[in-house]
Amino acid sequence: MTIKTLSFLWLMSLLDYSYSAVPPTATGAPHIPRSFQIKSNLNQQTAGNCVYTVVIKTSCSSPSYTRDRVSLAFGDQYGNEVYAARLDDPGSRTFERCSTDTFQINGACTYDICYQYLLRSGPDGWKPESVLITGPNRRPTTFYYNTFLPNGVWFGYNLCRGVTVNAAVI
C-alpha cells in the first residue's frame with residue numbers, strides 16, 4: 001500500500017470513530033404518524049425490563065404552565081416499546097415554561113431507539129423543545145421538537161428505516 005492509501009484509510013477510521021461517538025439525534029419536522037397505536041400486549045417477560053431516563057425540556061415560548069395530559073412512547077425497529085401513560089403532574093409544576101423535567105421509566109429493553117412519540121390532550125397547549133432518552137447499554141438519543149403539539153394525536157419521529165413498527169410499514 002502507498003502512503004496515500006494508508007493516510008486515507010487512517011483518516012476514514014478517525015471519521016468513522018468520531019461519527020459513531022456522536023449520539024443520534026432526530027432533526028427535521030416531527031409528524032403525525034400514518035398509523036400508530038400503543039401495543040396492547042407488551043411482553044415484559046421476553047423483552048426484559050429496563051430503566052430509562054427521559055429528560056424533557058419545555059420551550060421558553062410554551063405557556064407558563066399546562067394542565068394537559070402528556071404521554072410518551074418510544075421503541076426500536078424490532079418491536080420493543082416503552083410506554084408512559086401519564087408524565088404530567090400539574091401539582092408538581094411539570095412542563096412549566098423554560099423548565100427541564102427528568103423521569104425514570106421502566107419498560108421493555110430495547111436496542112437503539114428509532115422512534116419516539118408524544119401525546120398531548122387538554123386545553124392549554126404545550127411546546128416541548130427536546131426529549132433525551134438514555135437507557136442501559138444504549139446510545140442516548142435526542143428528539144428535537146420546538147413546536148406546539150397538536151391536541152389528541154400522537155406526534156413525533158420515526159427514524160426506523162424499512163421495518164415494521166406497530167403494524168405500519170414505515
Side-chain angles (χ1 to χ4, degrees), residues 18-43 47-48 50-63 66 68-88 94-122 124-170:
S18 65
Y19 174 75
S20 63
V22 175
T25 60
T27 56
H31 66 279
I32 297 172
R34 289 179 298 200
S35 170
F36 180 76
Q37 294 181 354
I38 296 300
K39 293 179 185 175
S40 60
N41 184 16
L42 294 178
N43 188 346
C50 290
V51 178
Y52 298 88
T53 300
V54 176
V55 179
I56 300 177
K57 185 173 182 181
T58 297
S59 171
C60 291
S61 58
S62 189
T66 185
D68 294 350
R69 292 179 302 276
V70 177
S71 300
L72 167 82
F74 62 88
D76 64 20
Q77 66 183 357
Y78 304 105
N80 301 308
E81 184 172 276
V82 178
Y83 172 60
R86 294 280 305 264
L87 295 175
D88 56 281
T94 306
F95 304 132
E96 286 188 326
R97 179 186 311 157
C98 298
S99 69
T100 301
D101 297 290
T102 302
F103 305 92
Q104 297 294 314
I105 299 173
N106 293 314
C109 295
T110 65
Y111 294 95
D112 286 335
I113 296 164
C114 61
Y115 72 90
Q116 186 271 310
Y117 292 108
L118 293 167
L119 173 66
R120 178 195 72 81
S121 300
D124 296 329
W126 176 57
K127 184 177 183 180
E129 186 171 303
S130 62
V131 176
L132 168 67
I133 303 170
T134 60
N137 304 314
R138 306 292 168 260
R139 296 182 298 172
T141 306
T142 304
F143 297 89
Y144 291 100
Y145 284 83
N146 208 26
T147 189
F148 283 95
L149 298 184
N151 190 29
V153 295
W154 287 102
F155 189 71
Y157 291 93
N158 187 336
L159 306 175
C160 305
R161 303 211 193 286
V163 297
T164 301
V165 174
N166 294 333
V169 176
I170 306 305

Shortest non-hydrogen contact from [X] to [Y]?
X    : Y    : result
Y145 : L149 : CD2-CD2, 3.9 Å
F148 : P63  : CE2-CD, 3.7 Å
L132 : P140 : CD1-CB, 4.0 Å
V82  : Y52  : CG2-CE1, 3.6 Å

Can you tell me how far apart [atom1] ([X]) and [atom2] ([Y]) are? Round to the nearest 0.5 Å.
X    : Y    : atom1 : atom2 : answer
I56  : T94  : CD1   : OG1   : 9.5 Å
C60  : E129 : SG    : CD    : 6.5 Å
L118 : W126 : CG    : CH2   : 5.0 Å
Q116 : I133 : CD    : CD1   : 5.0 Å
C50  : N137 : SG    : CG    : 8.0 Å
Y83  : L119 : OH    : CG    : 7.0 Å

Using a 4.5 Å cut-off on heavy atoms from C-beta on, say whether the side chain of [Y] contacts that of [X].
X    : Y    : result
N106 : V51  : yes
D112 : R139 : yes
D68  : D88  : no
T53  : Q104 : yes
C160 : Y78  : no

Just by distance, do the side chain of [X] and the backbone of [Y] share a donor-acceptor pair under 3.5 Å?
X    : Y    : value
D124 : T66  : no
D101 : F95  : yes
R120 : G122 : yes
Y117 : S71  : no

>> The test is ring-ring contact (aromatic ring centres under 6.0 Å, His included); show your working for Y157 and Y144 and say whether it passes.
In response: CA-CA 9 Å; Y157 291 93; Y144 291 100; 8.5 Å; no
> So with a 6.0 Å cut-off around CZ of F103, is the heavy-atom count from everything else above 12?
Replying inline: yes
> Can you tell me if NZ on K127 sees more than 12 non-hydrogen neighbours from other groups inside 6.0 Å?
Replying inline: yes
> Are F143 and F74 an aromatic pair by the rule of ring centers under 6.0 Å?
Replying inline: no
